Amino acid sequence: MKTSGLAFGLLSATFYLLWTPSSGLKILHLGSCVIVTNLQEIQSEFSEIRDSVPSDRCCLLRHLLRLYLDRVFKNYQTSDYHTLRKLSSLANSFLTMKKDLQLCHAYMTCHCGEEATEKYRQILSHFEQLEPQAAAVKVLGELDILLRWMDEAE
């Protein structure tokens with residue numbers, strides 16, 4: 001009896017959360033997995049972090065490109081030939097950007113301040129806490145964030 005009451009309570013709470021439009025909760029269908037998350041809150045938190053990114057974006061981007069090239073693309077493993085080709089294409093694009101940023105850095109137009117260096121250390125620290133394949137999957141899953149950040153650069 002207690003088990004059915006607990007199940008009913010959880011089910012009721014879930015339905016309440018799913019049908020509360022002002023709560024910001026969204027249902028994400030991820031293949032056969034369905035999760036509920038507050039995307040508004042995540043966007044808000046992300047906006048605060050994004051806004052605090054230092055003015056020396058060039059340096060941070062150069063470091064992030066190096067991370068993708070040296071660790072992510074090399075460690076990602078899949079047997080899907082199409083995915084491997086697309087990753088190779090992405091890696092080539094990142095390599096071109098990295099070379100351009102290295103030139104800027106060499107001519108002192110790509111400043112590396114302490115804040116950018118510290119932010120990169122934090123990112124790298126989180127990356128290194130995971131196994132190489134898991135880290136590569138996680139960072140590839142966050143590539144859209146990096147691309148949006150790059151797109152918003154003025």
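Here the structure is a predicted model, which is why all the values come from computation and not from measurement. The figures that follow rest on heavy atoms only: side chains count, while hydrogens, waters and symmetry mates do not.
To the nearest 0.5 Å, atoms CE (Met150) and CG (Leu64) are separated by 9.5 Å. From Ser89, atom OG reaches atom CZ of Phe94 across 10.5 Å, with rounding to the nearest 0.5 Å. Distance check: Leu90 CG to Leu143 CG gives 6.0 Å after rounding to the nearest 0.5 Å. The distance from atom CZ of Arg121 to atom NE2 of His63, rounded to the nearest 0.5 Å, is 8.5 Å. Taking CG from Leu69 and CE from Met97, the interatomic distance works out to 8.5 Å, rounded to the nearest 0.5 Å. Remark: Gln102 CD to Cys58 SG distance equals 10.5 Å, nearest 0.5 Å.
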Cut-off 3.5 Å, no hydrogens considered: what does the side-chain donor-acceptor table look like for residues 127-142, sequence neighbours left out?
| from | atom 1 | to | atom 2 | distance (Å) |
| --- | --- | --- | --- | --- |
| Glu128 | OE2 | Arg71 | NH1 | 2.8 |
| Glu128 | OE2 | Arg71 | NH2 | 3.3 |
| Gln133 | OE1 | Gln77 | N | 2.8 |
| Gln133 | NE2 | Gln77 | O | 3.3 |
| Lys138 | NZ | Glu142 | OE2 | 2.4 |

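In this structure, the side chains of Leu25 and Thr37 stay at 4.5 Å or more apart for every pair of heavy atoms. Between Asp144 and Trp149, the closest side-chain pair of non-hydrogen atoms is not below 4.5 Å. Counting heavy atoms from C-beta on, the side chains of Arg62 and Cys104 never come closer than 4.5 Å. Between Val72 and Leu87 the shortest side-chain heavy-atom distance does not fall below 4.5 Å.
Ring geometry for Tyr68 versus Phe73: interplanar angle of 30 to 60°, hence tilted.
Residue Leu61 is not grouped with residue Leu103 when hydrophobic side chains (ILVMFWY) are merged at heavy-atom distances under 4.5 angstrom, including chains of intermediate members.
With hydrogens and angles disregarded, no donor-acceptor distance shorter than 3.5 Å links the side chain of Ser88 to the backbone of Leu84. Looking at Thr109, its side chain never comes within 3.5 Å of a backbone N or O of His105 through a donor-acceptor pair.
When the shell of 6.0 Å around CD of Gln122 is examined, it contains more than 12 heavy atoms from other residues, nucleotides or ligands.
Sorted by first and then second residue, the salt bridge (charged side-chain N to carboxylate O under 4.0 Å, His left out) pairs with a member in residues 73-89 form an empty list; sequence neighbours excluded.
Between Cys59 and Cys110, a gap of 2.5 Å or greater is found separating the two SG atoms.
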